[in-house]
Amino acid sequence: MGKGSGYAKVILFGEHFVVYGLPAIGVALAKKTDVEVSKSQHMRVESSHADASLLNGLEAIKNAMGIKDSFVVKIKSEIPLGSGLGSSAAVSVAYVRALADEYGLQLTGEQISAYAYEAEKVYHGTPSGIDNTLASSGGAIFYQNTDGKSAVKPLNVGKPLNIVIGNTGKKQGSTAEIIAAVRGRREKNPGIYEDLFNAERKVIDGAVKAIEHGDPAALGELMNINHGLLSAMGVSTKENGDIIYAARVFGAYGAKITGAGMGGSCVILAKNEKNAEDIANEIRKMGYLAITSVVQ
Ligand code: PMV
């Protein structure tokens with residue numbers, strides 16, 4: 001039997017902008033998926049979050065690793081599905097680690113992430129790769145993808161970051177549709193979008209410094225500015241706004257949408273653990289989902 005795990009991730013800065021080659025900052029959360037593999041006659045998945053396409057991704061990983069055996073794959077996950085937290089990448093990374101454990105393979109973080117990316121391609125077409133990178137590395141990363149080449153730089157997290165994820169459960173459209181709508185709006189106002197992109201570049205520069213120097217108040221303010229830019233691009237909804245403003249009223253350092261937006265998840269930087277719990281409870285009272293975590 002082999003065992004492995006992978007982390008959840010959240011994009012702190014740069015969603016949507018990353019599609020146009022700008023950098024993004026992502027962090028891994030202390031929520032994980034554990035996978036156990038035991039050899040068997042046929043491939044079989046035992047999971048609370050079973051999903052029809054899961055097996056195809058697991059097969060892609062096995063093929064890339066050159067493994068012919070079949071397994072019972074037991075999945076236990078703390079990461080909600082479809083909430084922008086990279087649940088599929090966490091399963092993939094956990095599975096690669098479990099196979100490596102089963103066969104006694106010594107893989108580097110980069111190799112683990114690259115094998116997991118094989119499954120990400122099955123699930124998401126041409127994903128940026130930020131999810132599998134964070135699911136295997138943990139911590140915080142600066143991520144940029146230019147002309148199909150990605151550059152990843154680990155960031156030192158100067159002070160613990162208390163995170164709340166709020167999810168409306170009402171995402172309007174798929175990520176691909178939301179990206180296409182943004183592209184259409186950019187074509188109508190290219191000059192204004194260029195200014196938004198330049199502002200985002202400054203936000204990311206400041207955010208790298210705030211993370212590394214351990215200045216969560218400055219980081220939160222930059223999250224608020226980033227949310228304003230995303231709102232200007234038309235990807236925030238009333239429900240996203242309700243969560244974000246409630247979090248700010250409850251004393252969060254900052255709050256913004258995370259991922260594609262349009263009713264998807266919001267990320268909130270709370271002042272401390274107690275503040276995170278208070279904000280999460282307020283979001284639940286509003287009828288939405290909330291989880292608290294820290295950067296892992
Ligand atoms: O909400 P999600 O997890 O589908 O995130 C999408 C983030 C985008 O920047 C809009 C797209 C991407 O591939 O980075």
Side-chain angles (χ1 to χ4, degrees), residues 6-29 31 33 49 51 53 57 79-93 113 116-117 119-135 141-152 163 165-186 193 196-197 200-201 203-204 207 223 226-227 229-237 239-240 243-244 256-268 288-289 291:
Y7 297 117
K9 75 93 198 16
V10 65
I11 299 181
L12 270 194
F13 293 92
E15 50 279 277
H16 285 292
F17 296 94
V18 74
V19 171
Y20 301 92
L22 271 73
I25 297 175
V27 294
L29 300 178
K31 296 267 176 222
T33 297
H49 295 358
D51 158 346
S53 64
I79 309 172
L81 283 181
S83 53
L85 297 184
S87 61
S88 66
V91 171
S92 302
V93 162
S113 174
Y117 188 69
E120 287 291 281
K121 284 194 284 187
V122 171
Y123 307 131
H124 306 298
T126 50
S128 61
I130 195 167
D131 289 20
N132 43 290
T133 303
L134 278 166
I141 61 167
F142 174 93
Y143 182 90
Q144 191 160 21
N145 191 312
T146 18
D147 302 326
K149 274 208 188 130
S150 54
V152 177
I163 302 284
I165 305 296
N167 191 319
T168 69
K170 288 187 193 160
K171 186 172 164 194
Q172 298 167 19
S174 67
T175 296
E177 286 162 350
I178 299 167
I179 290 174
V182 170
R183 194 176 293 283
R185 289 194 281 268
R186 176 176 176 246
Y193 270 71
L196 296 176
F197 286 13
E200 180 70 5
R201 288 188 180 96
V203 166
I204 303 253
M223 288 169 68
N226 195 161
H227 182 70
L229 298 175
L230 289 164
S231 266
M233 290 159 79
V235 296
S236 186
T237 63
E239 288 83 1
N240 285 137
I243 290 177
I244 287 164
K256 60 184 275 292
I257 65 160
T258 180
M262 290 309 294
S265 290
C266 301
V267 57
I268 295 149
Y288 302 132
L289 302 170
I291 58 171

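Atoms within a ligand are numbered from 1 in the order they appear, just like the ligands themselves. Numbering of residues begins at 1 and proceeds along the displayed sequence.
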Identified side-chain contact (heavy atoms from CB on, under 4.5 Å) partner of M262 from the options E239, E177, Q172: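 Exactly one candidate clears the test, Q172.
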Among all protein non-hydrogen atoms, which one is nearest to atom 3 (O) of ligand 1, and what is the separation to 0.1 Å?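 It is G84 CA, 3.6 Å.
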Return the closest protein heavy atom for atom 1 (O) of ligand 1 as residue, atom name and distance.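 In this structure, atom 1 (O) of ligand 1 has A260 N, 2.8 Å as its nearest protein heavy atom.
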Using distance alone, determine whether [X] and ligand 1 share an N or O pair under 3.5 Å.
| X | value |
| --- | --- |
| T175 | yes |
| V18 | no |
| H16 | yes |

Side chain to side chain donor-acceptor pair (under 3.5 Å) involving K256 - partner list, sequence neighbours excluded: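 Only E15 meet the side chain to side chain donor-acceptor pair (under 3.5 Å) criterion with K256.
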Is any side-chain heavy atom of I25 closer than 4.5 Å to a side-chain heavy atom of I141?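 Not in contact.
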Under a 4.5 Å cut-off applied to non-hydrogen side-chain atoms, are R201 and F17 in contact?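 A side-chain contact is absent here, since even the closest heavy-atom pair is not under 4.5 Å.
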On a heavy-atom basis, which atom in G263 and which in N240 lie closest, and how many Å separate them?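 For G263 and N240, the tightest heavy-atom pair comes out as N-OD1, 2.8 Å.
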Numbering as shown, the atoms of ligand 1 that approach E15 to under 4.0 Å (heavy-atom distance):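 Listed by number with element: 9 (O).
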My understanding is that only residues two or more places apart in sequence, or in another chain, count here; which of them pass ring-ring contact (aromatic ring centres under 6.0 Å, His included) with Y20?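 If we apply the ring-ring contact (aromatic ring centres under 6.0 Å, His included) test to Y20, skipping adjacent residues, the hits are F197.
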Which segment of I179 sits under 4.0 Å of ligand 1 when only heavy atoms are counted: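 The answer is the side chain of I179.
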Atom 7 (C) of ligand 1: which of G259, G26, S265, S88 has the nearest heavy atom?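 Shortest heavy-atom distance from atom 7 (C) of ligand 1: G259.
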